Amino acid sequence: MTRALTPGTFDPITSGHLDVITRASQLMDEVIVAVAASERKNPLFSLEKRVQMVRQATAHLPNVTVQPFSGLLVDFAREVGAECVVKGLRAITDFEYEFQMTALNYQLDEELETVFIMSPPQYMYLSSSIVREIASLKGDVSGFVPPCVKEALEEKFAD
């Protein structure tokens, strides 16, 4: 059985994130979406709210679970018995950053593999920060996020 982690801050989860998680769930026996505390990023939503939104967005995927974590990803992977990390790639800038993270993770645990899933064209430009900015300016984010996230963003940025 292959158990994979799909980590991220998910502040908030986007349709691009959901695409990677869905595709990972088709490739792996079990996928754990690892929602990072990421306090240094000063997230818009609390860790608990981000976990709740990811759980709602992935509820239709029977082999996907969602867990919060803090600390090193390799330590969390060991704790949950994950054999690989699945990450999405949008553009060359993602590749450079993820290449560095993969090399560092390999130094910390050479048995933890990393698998990359390329974003389809419709999500290559999409990021949580862009979604937050559009929502803060009262723009329509319904094409970029699951309905539960759209509602949470509207509540967050209500006058």
Side-chain angles (χ1 to χ4, degrees), residues 3-71 73 76-77 80 82 84-102 105 114-159:
R3 178 176 291 153
L5 285 182
T6 302
T9 304
F10 304 106
D11 187 39
I13 186 170
T14 68
S15 298
H17 292 131
L18 193 52
D19 175 72
V20 170
I21 295 164
T22 300
R23 291 163 64 198
S25 76
Q26 294 165 352
L27 297 170
M28 307 296 173
D29 296 314
E30 181 182 352
V31 175
I32 299 169
V33 181
V35 182
S38 299
E39 290 97 0
R40 286 182 287 140
K41 287 186 173 182
N42 196 21
L44 177 65
F45 293 102
S46 70
L47 178 59
E48 296 76 20
K49 181 66 174 176
R50 289 181 281 132
V51 166
Q52 175 194 13
M53 288 188 291
V54 175
R55 283 185 177 143
Q56 284 181 270
T58 61
H60 66 289
L61 301 170
N63 62 334
V64 173
T65 59
V66 181
Q67 293 186 40
F69 84 100
S70 60
L73 181 64
F76 185 66
V80 298
C84 69
V85 174
V86 177
K87 301 287 298 216
L89 289 178
R90 293 172 298 189
I92 195 69
T93 51
D94 278 354
F95 176 80
E96 291 173 5
Y97 174 77
E98 295 300 345
F99 184 79
Q100 289 175 332
M101 291 298 98
T102 298
N105 286 341
T114 301
V115 175
F116 294 106
I117 294 179
M118 297 299 298
S119 291
Q122 68 265 33
Y123 300 131
M124 285 189 172
Y125 62 89
L126 188 57
S127 69
S128 294
S129 57
I130 288 172
V131 166
R132 288 191 309 269
E133 184 169 350
I134 292 169
S136 74
L137 298 170
K138 308 291 190 241
D140 181 13
V141 296
S142 58
F144 310 126
V145 297
C148 63
V149 173
K150 179 181 182 280
E151 291 173 23
L153 286 165
E154 288 172 349
E155 285 177 28
K156 189 63 99 167
F157 293 113
D159 288 330

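On a predicted model such as this, the values are computed, not experimentally measured, just so you know.
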### Message
Looking at E133, I'd like to know if its CD atom is crowded, meaning that more than 12 non-hydrogen atoms belonging to other residues, nucleotides or ligands lie closer than 6.0 Å.
### Response
no
### Task
Using the side-chain hydrogen bond (donor to acceptor under 3.5 Å, both in side chains) rule, collect all pairs that involve residues 141-157, keeping only residues at least two apart or in two chains.
D140-S142, K150-E154
### Query
Do you know which of S127, P146, S128 makes side-chain contact (heavy atoms from CB on, under 4.5 Å) with T14?
S128
### Rounded distance (nearest 0.5 Å) linking atom CZ of R23 with atom CG of L18
11.5 Å
### Test item: T114 and F99 side chains (from C-beta on) under 4.5 Å apart, heavy atoms
no
#### Entry: Pair L126-R90, side-chain contact (heavy atoms from CB on, under 4.5 Å): steps then yes or no
CA-CA 8 Å; L126 188 57; R90 293 172 298 189; 5.6 Å; no
### Query
Minimum heavy-atom separation for V35 to T9, with atom names?
CG1-O, 3.8 Å
#### Entry: Test item: R3 side-chain N/O and A77 main-chain N/O as donor-acceptor pair under 3.5 Å
no
### Query
Minimum heavy-atom separation for V86 to P7, with atom names?
O-CD, 3.7 Å
### Task
Not counting sequence neighbours, which residues clear ring pair (Phe, Tyr, Trp, His ring centres under 6.0 Å) with F10? List them please.
H17
Please tabulate, for side-chain N and O atoms in residues 60-67, each donor-acceptor pair with protein atoms closer than 3.5 Å (sequence neighbours left out).
| from | atom 1 | to | atom 2 | distance (Å) |
| --- | --- | --- | --- | --- |
| H60 | ND1 | A57 | O | 3.3 |
| N63 | ND2 | S25 | O | 2.9 |
| N63 | ND2 | M28 | O | 3.1 |
| N63 | ND2 | D29 | O | 3.2 |

### Query
Shortest non-hydrogen contact from P68 to F76?
O-CE1, 4.0 Å
### Query
Measuring from L44:CG to F157:CZ, what's the distance to the nearest 0.5 Å?
4.5 Å
### P43 to D11 - nearest heavy-atom pair and separation
CA-OD2, 3.1 Å
### Message
Which residues pass the side chain to side chain donor-acceptor pair (under 3.5 Å) test with T58, not counting sequence neighbours?
### Response
none
## Note on the structure
Sorted by chain and number, sequence neighbours left out, side chain to side chain donor-acceptor pair (under 3.5 Å) with S136 holds for none
### Message
Restricting to non-hydrogen atoms, name the atom on D94 and the atom on G88 that form the minimum distance, rounded to 0.1 Å.
### Response
OD2-O, 4.4 Å
### Task
Please report the closest heavy-atom contact between M53 and A152, naming both atoms and the distance.
SD-CB, 3.6 Å
#### Entry: Between CD on residue Q26 and OG1 on residue T22, distance to nearest 0.5 Å
7.0 Å
### Task
Can you tell me which residue pairs pass the salt bridge (Lys or Arg N to Asp or Glu O under 4.0 Å) test with a partner in residues 33-46, sequence neighbours excluded?
none
### Aromatic plane relationship, F144 with Y125 - under 30° parallel, 30 to 60° tilted, over 60° perpendicular
perpendicular
## Note on the structure
Output for pair (Q52 CD, L47 CG), nearest 0.5 Å, gives 11.5 Å
### Query
Stepwise, does the side-chain contact (heavy atoms from CB on, under 4.5 Å) test hold for T102 with F116?
CA-CA 10 Å; T102 298; F116 294 106; 3.3 Å; yes
### Query
Rounded to the nearest 0.5 Å, what separation is found between the CD1 atom of I117 and the OG1 atom of T6?
7.0 Å
### Query
To the nearest 0.5 Å, what is the distance between CG (D19) and CD (Q122)?
7.0 Å
